[in-house]
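The next block holds one structure in the form of structure tokens; read it before the comments.
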Amino acid sequence: MKVYADNAATTKLSNTALEAMLPILTDIYGNPSSLHTVGQTAKEYLEKAREDIAECIGADAKEIYFTSGGSEADNQALRTACAIGARKGKKHIISTKFEHHAILHTLNALEKEGFEVTLVDVHNTGVVTAEDIANAIREDTCLVTVMTANNEIGTVQPIAEIGKLCREKGIYFHTDAVQAVGHIPVNVSDMNVDMLSISAHKFHGPKGVGVLYIKKGIPVKSLIEGGAQERGKRAGTENLPAIVGMAAALKEACEKLDTNTEKLITLRDYLINGLKDIERSRINGSLEHHLPGTLNMCFEGIEGESLLLLLDARGISASSGSACTSGSLDPSHVLLAIGVPVEIAHGSLRLSLSEDLTIEQMEHIVISVKEVVKYLRSISPVWEKIKSEEK
């Protein structure tokens, strides 16, 4: 049985998105910047996609900028806020320790350019509070950036509260909503955000396209210079087929949000009930404020990579919180940020679901994980030591 349970990494392109893209790939081939009829027809599709996406997140179409994905959107958002802050003599940024690397690496680059960065600790629930952010704010703070939902453990942050705080303080607030859009309700007005990042391939759209929402009145900093596309703030001929596919996928995801959420929670709860009784296992992050289709667990005494490979041999595609880098095993920075011990963080498993999966597939996951964990522990000296210390 095949089970794709790595939807937080990427999702399958939906039929709705594909059908929307095909005419653009074959017939609507004009450049939206061209003045002739063929080009202007393409522009109509471009602007309709912009309007549809804006409607899905409660924005104005003029606040939507198309990008190559979430990473570019994150970079442009941070550099926009920091450019404004620098002109005012404010060069302090607040974020969290468990952000996506698109944020953390950009912050590292900004530090080298003279900005100061405060990374707020994350509670063991996987949540950062508005109070945590308030305690880190300084007179020279120019930006707060906090992800809406964590990409590894799925916890959802109190974005509206943090945004309200930032608005009261006159500080720009950005949220990386890549894992959230299309999966939970997202409304930029209700969330009090100034900037928000989206990536299409997280909600059954195509890869290589995304959105940066920037509130009206904020002077946008360009990352890519050249033509006058995207109101002069993102040069390069627009990837119209991908943009149209993204709009179609997001519109469908938002229309089916309640139905999909109900199904995903049922599937996720089946996994929880089936796996929680594994000896010395733990669920990472509180399930109270959480994405409906993500489950992250650790199993003591095993390595996540071995678990993944053996699950893959059984037809299950999943991911681990740990990664091999330069020949050494580094545990997930997200798990370390919420206080998971290093030796336990190595044995992590992320299962991220989609609405087209079935209970039968969840049963296959549960049976397989139990059997693989049992096998890996039977050959693990680490597990043997753990058990000997219990005696």
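Computed over heavy atoms, backbone and side chain alike; hydrogens, waters and symmetry mates excluded.
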So, the side chain of Ser222 versus the backbone of Ile224: is there a donor-acceptor pair under 3.5 Å, distance only?
-> no

Side-chain donor-acceptor pair present, Glu99, Thr96, cut-off under 3.5 Å | yes

Do Ile103 and Leu78 come close enough that some side-chain heavy atom pair is under 4.5 Å?
-> yes

Out of curiosity, does Val127 fall in the hydrophobic cluster containing Ile283 (side-chain heavy atoms, cut-off under 4.5 Å, transitive links)?
-> no

Would you mind checking if Asp269 and Lys276 are paired as a salt bridge, meaning a charged N to carboxylate O distance below 4.0 Å?
-> no

Evaluate whether atom CD1 of Ile379 has more than 12 neighbouring non-hydrogen atoms of other residues, nucleotides or ligands under 6.0 angstrom away.
-> yes

Do side-chain atoms of Thr358 reach the backbone of Gln361 as a donor and acceptor pair under 3.5 angstrom?
-> yes

Quick one: CG on Leu349 to CG on Leu275, what's the gap to the nearest 0.5 Å?
-> 8.0 Å

Hey, are Lys164 and Glu168 close enough for a salt bridge, meaning a charged N less than 4.0 Å from a carboxylate O?
-> yes

Search all heavy atoms of Val366 against all heavy atoms of Gly274 and return the closest pair with its distance.
-> CG1-O, 3.6 Å

Any donor-acceptor N or O pair under 3.5 Å, side chains Ser197, His174 = yes

Backbone N or O of Lys202 within a donor-acceptor pair of the Ser199 side chain at under 3.5 Å?
-> no

Judged by atom type as modelled, is there a donor-acceptor pair below 3.5 Å linking the side chain of Gln76 to the main-chain atoms of Lys221?
-> yes

Non-neighbouring partners of His123 that pass ring-ring contact (aromatic ring centres under 6.0 Å, His included), sequence neighbours left out | none

Are side-chain N/O atoms of Asp6 and Ser319 paired as donor and acceptor at under 3.5 Å?
-> yes

So, are Glu47 and Lys43 salt-bridged, with charged N and O less than 4.0 Å apart?
-> no

Short question: side chain of Lys233, backbone of Pro219 - any donor-acceptor pair under 3.5 Å?
-> no

Does a sphere of radius 6.0 Å around CD in Glu139 hold more than 12 heavy atoms from other residues, nucleotides or ligands, not counting ones at 6.0 Å or beyond?
-> no

Taking the side chain from Ser348 and the backbone from Ser320, do they hold a donor-acceptor pair closer than 3.5 Å?
-> no

Please list, chain by chain and in numerical order, all residues satisfying side chain to side chain donor-acceptor pair (under 3.5 Å) with Arg234, sequence neighbours excluded.
-> Glu72

Would Ile24 end up clustered with Ile243 when hydrophobic side chains under 4.5 Å apart are linked, directly or stepwise?
-> yes

From CA spacing to verdict: salt bridge (Lys or Arg N to Asp or Glu O under 4.0 Å), Lys256, Glu252 | CA-CA 6 Å; Lys256 296 181 176 180; Glu252 181 178 47; 3.2 Å; yes

The residue among Ile57, Ile214, Leu212, Ile198 that forms side chain to side chain contact (heavy atoms under 4.5 Å, CB included) with Ile64 is Ile57

Decide if atom CD of Glu55 counts as having more than 12 heavy atoms of other residues, nucleotides or ligands within a radius under 6.0 Å.
-> no

Nearest heavy-atom neighbours spanning Pro341 and Arg282 = CD-NH1, 4.0 Å

Within 6.0 Å of CD in Glu111, more than 12 heavy atoms from elsewhere = yes

Side chain to side chain, Met195 and Leu143, heavy atoms closer than 4.5 Å | yes

Polar contact flag, side-chain donor to acceptor under 3.5 angstrom, Ser352-Thr294 = no

Will you find, in the side chains of Asp132 and Thr129, an N or O donor that is under 3.5 Å from an N or O acceptor?
-> yes

Val120 versus Ile94: any side-chain heavy-atom pair under 4.5 Å?
-> yes

Should we say atom NZ of Lys387 is surrounded by more than 12 heavy atoms from elsewhere, each under 6.0 Å from it?
-> yes

Would you check if the side chain of Arg377 reaches a backbone N or O of Glu384 as a donor-acceptor pair within less than 3.5 Å?
-> no

Results of salt bridge (charged side-chain N to carboxylate O under 4.0 Å, His left out) for Glu288 - residues two or more places apart only = none

When hydrophobic residues are tied together by side-chain contacts of less than 4.5 Å, even through go-betweens, does Val156 share a cluster with Val188?
-> yes

Go through Glu390 and Lys385 one step at a time and tell me if the salt bridge (Lys or Arg N to Asp or Glu O under 4.0 Å) criterion holds.
-> CA-CA 9 Å; Glu390 288 181 347; Lys385 181 181 178 183; over 6 Å; no

Please set out all donor-acceptor pairs under 3.5 angstrom arising from side-chain atoms of residues 306-317, sequence neighbours excluded.
unit_1 : atom_1 : unit_2 : atom_2 : d
Arg314 : NH1    : Glu371 : OE1    : 2.7
Arg314 : NH2    : Glu371 : OE1    : 3.2

Thr261 versus Asp258: any side-chain heavy-atom pair under 4.5 Å?
-> no

Look at the side chain of Gln40 and the backbone N and O of Ser34, then say whether any donor-acceptor pair between them is shorter than 3.5 Å.
-> yes

Arg138/Asp140 ion pair, N-O < 4.0 Å | yes

Validation row: Val186, Leu196 side chains within 4.5 angstrom (heavy atoms) = yes

Side-chain ion pair, Glu63 and Arg50, N-O less than 4.0 Å | no

Tell me, please, which residues at least two apart from Glu300 pass salt bridge (charged side-chain N to carboxylate O under 4.0 Å, His left out).
-> Arg280

Could you check if a side-chain atom of Leu295 sits within less than 4.5 angstrom of a side-chain atom of Arg350, using non-hydrogen atoms only?
-> no

Answer with yes or no whether the hydrophobic clustering places Leu264 together with Leu287; edges join I, L, V, M, F, W, Y residues whose side-chain heavy atoms lie under 4.5 Å apart.
-> yes

Quick check: does any side chain N or O of Gln179 sit under 3.5 Å from a backbone N or O of Ala8, one acting as donor and the other as acceptor?
-> yes

Do Val211 and Val181 have side chains that get closer than 4.5 Å, going by heavy atoms?
-> no

Of all the heavy-atom pairs spanning Leu357 and Leu267, show the shortest one and how long it is.
-> O-CD1, 3.8 Å

So, Ser14 and His204: side-chain donor and acceptor under 3.5 Å apart, yes or no?
-> no

Check whether more than 12 heavy atoms from other residues, nucleotides or ligands sit under 6.0 Å from atom OH of Tyr4, and answer yes or no.
-> yes

Indicate yes or no: at least one non-hydrogen side-chain atom of Leu271 is less than 4.5 angstrom from one of Leu351.
-> yes

What side-chain donor-acceptor pairs closer than 3.5 Å can you find for residues 83-93, not counting sequence neighbours?
unit_1 : atom_1 : unit_2 : atom_2 : d
His92  : ND1    : Thr141 : OG1    : 2.7
His92  : NE2    : Thr118 : OG1    : 2.7

Decide whether a cation-pi geometry holds between Arg167 and Phe173; the criteria are a distance under 6.0 Å from NZ or CZ to the six-membered ring centre and an angle within 45° of the ring axis.
-> no

Could you tell me whether a side-chain N or O of His101 sits under 3.5 Å from a main-chain N or O of Leu104, the two making a donor and an acceptor?
-> no

Without hydrogens or angle criteria, can the side chains of Thr155 and Asn150 be said to hold a donor-acceptor pair below 3.5 Å?
-> no

Show the numbers, then the answer: is there a salt bridge (Lys or Arg N to Asp or Glu O under 4.0 Å) between Lys216 and Asp194?
-> CA-CA 9 Å; Lys216 282 181 184 176; Asp194 298 302; over 6 Å; no

Under a single-linkage definition using a 4.5 Å side-chain heavy-atom cutoff for Ile, Leu, Val, Met, Phe, Trp and Tyr, are Phe299 and Ile386 assigned to the same hydrophobic cluster?
-> no

